[in-house]
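First comes the structure, then the notes that go with it.
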Amino acid sequence: MSSYTRTSRKRPLSFYLLAGLTTLFLIYVYAPMACLYILSFQGPEGGMSFPMVGWSTHWFQTLFSGEGQGLGDVPSAFQRSIRLAACTAVLTLVISVTAGLAYRRKFPGSGAVFYAAIASMVLPGIFVGFGIALMFNLLGWQVNWFTSGIGAQLTWTLPFGLLIMFIVLGRFRSSYEEAAVDLGASASQRFRWVILPIILPGVIGIAMAGLTSSYEETARTSLNVGMGNTMPMEVMGLLNAASTPVLFAIGTLTTLISFSLIILSLVVVSQLAKRRSMRTNA
Amino acid sequence: MLSSQTSPSRVTIPPKLASVLQVTPMALVFLALVIVPLGLIFVVSFLDYNFAQVFPELYLETWVDVLTSDLTLALYLKTFKFLIIVWAITAPLGFAIAYFLAFHLRSNWLRTLLVTAIAIPFWTSGPIRMVSWVPLLGREGVVNQALLGAGVIDEPLGWLMYSEFAVLVAYVQMLTMPMIATALNSMAKIPPSVIQAAQDAGASEWQIVRDIIFPLVRPGLAIGTIIVTTAIMGDVVMVKFMGGSQVNTVGMSIITDLNAFMYPPAAAKSILLLVVVLSIVVSLLRFADIRKELRN
């Protein structure tokens, strides 16, 4: 890494050009979000663009009181989404970790399942969502958040879970487990005391990826949740109905929530890594 | 590989069988929720229908319509146009930024910080990211205000928001990140000694990029291209909002049929879309072995 700096301390011209490009890209990515956060504190008289007409938390209050403004039912959509995301995350975690462990050996059908996962990931979301809704329709079953809803989301989260497991186990040294086998550890002991502690950061990563991608997913979910909207569907509805900064207040709040989730998982993962390195150094 | 020789008192499962059992839950999910629905869509595309009803009778007109209509061609041309423009921007941009992060930055913590900064927007809510363009590109948005103030234009530009331009802006904002990530992943595997050797032999930076780094990063770019392709070909949400319901693509036409309960045409269009996307993906996979890419 940083090979161009090893030979000479002087930075080449390309460094400054590329640094400029990267900065411009970050501005491009962050400027709209920054505008949104600022405008969510717009005064009660203000609109959806600058200038700011005073500062207030008026739009957050409107959001929580849920009065008027063409606001559907944001709190219950939020609850529905969180419930769905929690169930999906747990299922993704369990199914991906077990399936990932299977891939430590060659077994009949490994290619088929792997390609099914890749297909599930690259298939257009509306296509999968439509297929599942159609199947439920033909079987005469009602689409429901806890059946077709979770199922539709699993087709999106499981491939990522499996790929993360490949990354995690690609770095796993099988000599640790072989040592445990030589010492007479049973399969469950090996999993509990050898494999799980080593792959734990990756496992948490799978749960977080499951949680966030479930919370975000619309293409597959929308035809399959049945009664009531999920949060992104609710926001999409509001995009067309409400034309006040209350939309921006929702944006600021949901960003805060996802940031806390990301930071929380990063802290947990780095704590685990620290604990492990302390243990191996001791 | 692992041996299955545990103490004789325990019930031992042959390792291959254990693997098959472990993968079964995932296999069942994909079977029930991806493969069976896919088959159903295929069957339904050949059935007769009228308003809100599908009859179990063979009807080939749907396919004839879909495959011969000028509208299908126009929709695919429009979708491919988006794909090509977005790819032509995100691939070089992603490569350049990844190259900067991997080979130009001296400090590791700055690299981690920048990678995190680039990754974070990818995790924020899609609809929120879209609506955040309104204060910038809208009629009274920052860009229009600035241009009016500078006297460049006399009246606000209407095509900045709710237009094809806006769709492209949003696509590029979202899809550069996977290109950076996949290119960076490939670059991290290039041993520094290779670059060092080329430098010692007197290669210029441009020669190193062109003859060493680019060929080694091609698999990463291929995977990034797969992500961009599937995201754009299957997208309806971005096109609908950023295009202000003015822009029609392949995905949008499927949604229109679904909303009108016209299942067979929606099914036929979905199958066609699937065939197109999968042929692109399969031809790109020649450049990259996904499982190999994920290992270090």
Side-chain angles (χ1 to χ4, degrees), chain A residues 1-5 7 12 14-15 18 21-22 25-26 28-29 32-33 35-36 39 48-50 95 98-99 101-102 105 107 113 116 120 122 124-128 130-132 134-135 151 154-155 158 163 166-167 170-171 177 181 186 212 216 218 232 235-236 239 247 251 254-255 258 262, chain B residues 1 3 6 15-16 19-20 22-23 25-27 29-30 33-34 36-38 40-41 96-97 100 102-106 117 121 123-128 131-136 138 140-142 173 192 195-196 199 205 230 233-234 236-237 241 251 254 258 270 273-274 281 291 294-296:
Chain A
M1 291 275 168
S2 47
S3 311
Y4 296 109
T5 56
T7 41
S14 58
F15 171 85
L18 289 168
L21 185 72
T22 307
F25 175 70
L26 284 174
Y28 169 45
V29 169
M33 302 300 286
C35 290
L36 179 135
L39 282 168
M48 284 184 68
S49 50
F50 290 103
I95 298 175
T98 7
L101 291 176
R105 322 173 186 91
F107 61 92
V113 177
S120 181
V122 302
I126 33 164
F127 181 87
V128 180
F130 169 45
I132 296 170
L134 189 68
M135 179 175 75
L154 284 179
T155 64
L158 285 184
L163 292 186
F166 281 171
I167 298 175
R171 293 176 187 163
E177 199 185 347
V181 174
S186 70
T212 42
E216 293 296 314
T218 46
V235 175
M236 281 304 285
L239 293 187
L247 274 179
T254 52
T255 310
S258 30
I262 294 168
Chain B
M1 284 292 108
S3 74
T6 44
K16 278 196 180 169
S19 275
V20 171
Q22 283 168 329
V23 92
M26 181 173 279
V29 170
F30 289 142
L33 297 165
V34 179
V36 169
L38 203 133
L40 281 176
I41 293 178
I97 293 174
F100 174 72
F103 294 105
H104 272 289
L105 281 186
R106 283 173 192 172
W123 293 102
T124 56
S125 158
I128 297 302
V131 77
S132 70
W133 283 108
V134 174
L136 244 99
E140 287 141 32
V142 174
Q173 187 204 25
I195 312 280
Q196 192 68 48
Q199 280 176 329
E205 185 180 359
T230 52
M233 298 296 290
V236 283
V237 180
F241 180 73
I254 296 174
L258 285 181
S270 302
L273 175 62
L274 178 67
V281 170
R291 273 202 256 177
L294 291 173
R295 296 222 182 89
N296 288 23

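Here is the naming used below: chain letters follow the sequence lines, and residue numbers restart at 1 for every chain.
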* With only heavy atoms counted, which part of B:L40 is less than 4.5 Å from chain A, the side chain, the backbone, both or neither? -> both
* **Part of A:F15 lying under 4.5 Å from any heavy atom of chain B** => both
* Structure fact -> One option among A:V128, A:L154, A:I126 has the most heavy-atom pairs under 4.5 Å with chain B, and it is A:I126
* Given a strict heavy-atom distance threshold of 4.5 Å, which part of B:L33 is in contact with chain A: side chain, backbone, both, or neither? -> both
* Structure fact -> Taken in chain and number order and not counting sequence neighbours, the residues that satisfy ring-ring contact (aromatic ring centres under 6.0 Å, His included) with A:F107 are A:Y103
* Asked: With only heavy atoms counted, which part of B:V131 is less than 4.5 Å from chain A, the side chain, the backbone, both or neither?
  -> both
* Asked: With only heavy atoms counted, which part of A:L26 is less than 4.5 Å from chain B, the side chain, the backbone, both or neither?
  -> side chain
* Relative to chain A, which of B:P25, B:G138, B:A117 shows the most heavy atom pairs under 4.5 Å? -> B:A117
* Is there side-chain contact between B:L258 and A:F130, with heavy atoms separated by less than 4.5 Å? -> yes
* Of the listed residues (A:G251, A:A102, A:G131), which shares the most heavy-atom pairs with chain B below a 4.5 Å separation? -> A:A102
* To do: Using a cut-off of under 4.5 Å on heavy-atom pairs, state which of B:I41, B:I254, B:T230, B:V34 scores highest against chain A.
  => B:I41
* Just how far is it from atom CG of B:L38 to atom CG of A:L134, taken to the nearest 0.5 Å? -> 11.5 Å
* Asked: Out of B:V36, B:I97, B:V142, which one racks up the most heavy-atom pairs below 4.5 Å with chain A?
  -> B:I97
* **Heavy-atom contact with chain A under 4.5 Å, split by part of B:V29** => side chain
* To do: Mind ranking B:G234, B:P37, B:G251 by heavy-atom pairs under 4.5 Å with chain A and telling me who comes out on top?
  => B:P37
* To do: Identify the two heavy atoms, one from B:H104 and one from A:L18, that lie closest to each other, and give their separation to 0.1 Å.
  => CD2-CD1, 3.6 Å
* Structure fact -> Nearest heavy-atom contact between B:L136 and A:P32 is CD1-CA, 3.7 Å
* With sequence neighbours excluded, what pairs up with B:F30 under the ring-ring contact (aromatic ring centres under 6.0 Å, His included) test? -> none
* Side chain from CB out, backbone as N, CA, C, O: work out which of these in A:L101 comes under 4.5 Å of a heavy atom of chain B, or both, or neither. => both
* Asked: If you look at every heavy atom in A:L158 and B:M26, which pair is closest and at what distance?
  -> O-CE, 3.9 Å
